[in-house]
Trainee: 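Dropping a structure here in structure tokens format, bear with me for questions.
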Number of protein chains: 2
Amino acid sequence: MTQAAFFVLTALADQPRHGYGILREVEELSEGAVQMRVGTLYGVLDRLTADALIVLDREEVQQGRLRRYYRLTDEGTAALTAEAERLAAGASAAKKRIAEGRRSPASAPGTTDKPATRPGLAGGLA
Amino acid sequence: MTQAAFFVLTALADQPRHGYGILREVEELSEGAVQMRVGTLYGVLDRLTADALIVLDREEVQQGRLRRYYRLTDEGTAALTAEAERLAAGASAAKKRIAEGRRSPASAPGTTDKPATRPGLAGGLA
DNA sequence: CTGAATATATCGGGAGCCGATATATTCGTG
DNA sequence: CACGAATATATCGGCTCCCGATATATTCAG
């Protein structure tokens, strides 16, 4: 799953939203960090619809402007849940490794630090 | 930052590794979930080097085979840390929203798919 | 000898994101 | 009333990036 798709699904997780609303919602929920472009949105929307992760919920005409609302399917909720756990696991693994790297890399206390073949630099090569 | 770049940086976070070692390490740290391809690796390596997030640490010739070791720069560690926090925040936001959405789901047991007249946004709509 | 694993690298195709562009209405400002 | 900004939809070309295939070379197991 791409980053853009993840954020679209997240924006739709609590309630149905229309395209432009998704754009603003993604920016808000990421605290301004992610600014998805219009050109990105519709491609993502099409792909997610094709994959049955979202569906067209309804269409409204609000003050002369069409609003096309999308919502998550059960499959979409499941996919988002799985992806969120994957990302959390990845982030967790990265943080752990950074912490490990900050110690002396040769010997960490209390760890099963036996990284397989430790090449002893034997041999006159260089 | 792309997913592949993130995993390469993570694999290098605790100690310098060479290309093929990164490939195996990424697969291991992701518990088999991510299987990065060789064609992906070298592009990522070049880009990360160009961005000064990694550097060539050293070259060894082990049993006739060249091993080219890379390691994180300080900038690379900082970038990985920032990305890990970004991912964790995204994952957290997604989970929170999924939980919020479950309070008034469209697909409730015994109910057919109803668009759910949810929050009073747009109010009476007219 | 042959195949698998180790280890490097390149190339073409395709997927996906971005910037620009187009259309249309409403609202605030001048 | 004119104009720009915001709202709201959609498309298209270019570019980046990932993957599969391919190539080369050595070591080890069968």
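Letters A, B, ... are given to chains in the order of the sequence lines, protein chains preceding strands, and every chain is numbered from 1.
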Trainee: So, does B/Thr2 get its side chain near the phosphate of D/dC18, meaning an N or O under 4.0 Å from OP1 or OP2?
Mentor: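 For D/dC18, OP1 or OP2 has a side-chain N or O of B/Thr2 closer than 4.0 Å.
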Trainee: So, the side chain of A/Ser92 versus the backbone of A/Ala88: is there a donor-acceptor pair under 3.5 Å, distance only?
Mentor: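 Not a single qualifying donor-acceptor pair exists.
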Trainee: Starting at CZ of B/Arg17 and ending at P of C/dA7, how long is that distance when rounded to a whole Å?
Mentor: 12 Å
Trainee: So A/Val26 and A/Leu41, do their side chains get closer than 4.5 Å, heavy atoms only?
Mentor: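 With C-beta onward as the side chain, the pair stays apart.
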Trainee: Please answer whether the main-chain N or O of A/Gln35 pairs with a side-chain N or O of A/Arg37 as donor and acceptor at a distance below 3.5 Å.
Mentor: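 Checked: pair present.
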Trainee: Does OP1 or OP2 of C/dA7 have a side-chain N or O of B/Arg67 closer than 4.0 Å?
Mentor: yes
Trainee: Roughly, in whole Å, what's the span from CZ in A/Arg58 to C1' in D/dT9?
Mentor: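 The distance from CZ of A/Arg58 to C1' of D/dT9 comes to 17 Å, rounded to the nearest Å.
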Trainee: Before giving the answer on side-chain contact (heavy atoms from CB on, under 4.5 Å), spell out for A/Leu56 and A/Thr49 the whole-Å C-alpha distance, their side-chain angles and the decisive distance to 0.1 Å.
Mentor: CA-CA 8 Å; A/Leu56 182 61; A/Thr49 300; over 6 Å; no
Trainee: Walk me through it: do B/Leu9 and B/Met1 pass the test side-chain contact (heavy atoms from CB on, under 4.5 Å)?
Mentor: CA-CA 10 Å; B/Leu9 291 181; B/Met1 173 171 322; 3.8 Å; yes
Trainee: Does B/Arg47 put a side-chain nitrogen or oxygen below 4.0 Å from OP1 or OP2 of D/dC18?
Mentor: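 Yes, because at least one side-chain N or O of B/Arg47 sits under 4.0 Å from OP1 or OP2 of D/dC18.
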Trainee: Salt bridge or not for A/Arg24 and A/Glu27, using N-O below 4.0 Å?
Mentor: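 No salt bridge links A/Arg24 with A/Glu27.
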Trainee: When you compare the protein's N or O atoms with those of nucleotides 25-28 of chain D, which come within less than 3.5 Å of each other, and at what distance?
Mentor:
residue : atom : partner : partner atom : Å
D/dT26  : O2   : B/Arg65 : NE           : 3.2
D/dT27  : O4'  : B/Arg65 : NH2          : 3.0

Trainee: Could you state the atom-to-atom distance from CE of B/Met36 to C1' of C/dA7 in whole Å?
Mentor: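 Result: 14 Å.
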Trainee: What is the separation between atom CZ on B/Phe6 and atom C1' on D/dC17, rounded to the nearest whole Å?
Mentor: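 It works out to 18 Å between those atoms.
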Trainee: Kindly point out which of D/dC19, D/dC18, C/dA7 is positioned nearest to the side chain of B/Tyr20?
Mentor: C/dA7
Trainee: OP1 or OP2 of D/dT7 less than 4.0 angstrom from a side-chain nitrogen or oxygen of A/Arg24, does that happen here?
Mentor: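 Answer is yes, contact under 4.0 Å.
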Trainee: Among B/Arg97, B/Lys95, B/Lys96, B/Arg102, exactly one meets salt bridge (Lys or Arg N to Asp or Glu O under 4.0 Å) together with A/Asp14. Which residue is that?
Mentor: B/Arg97
Trainee: For B/Arg37 and C/dA9, give me the distance from atom CZ to atom C1', rounded to whole Å.
Mentor: 17 Å
Trainee: Closest-nucleotide mapping onto DNA chain C: is B/Leu66 or B/Gly39 further toward the 5' terminus? I mean the 5' end.
Mentor: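 Upstream on the strand: B/Leu66.
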Trainee: Whole Å only: how far is the OH atom of A/Tyr42 from the C1' atom of C/dG19?
Mentor: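 Atom OH in A/Tyr42 sits about 16 Å away from atom C1' in C/dG19.
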Trainee: Rounded to the nearest Å, what distance is computed from the CG atom of residue A/Leu23 to the P atom of nucleotide D/dA10?
Mentor: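 For the pair A/Leu23 CG and D/dA10 P, the rounded distance is 12 Å.
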Trainee: Counting side-chain heavy atoms from C-beta on, which of C/dT8, D/dA8, D/dC18 comes nearest to B/Thr40?
Mentor: D/dC18
Trainee: Could you give the CD-to-C1' distance, from B/Glu59 to C/dA7, as a whole number of Å?
Mentor: 12 Å
Trainee: Of the options D/dT9, D/dC18, C/dC17, whose atoms approach the side-chain atoms of A/Val38 most closely?
Mentor: D/dT9
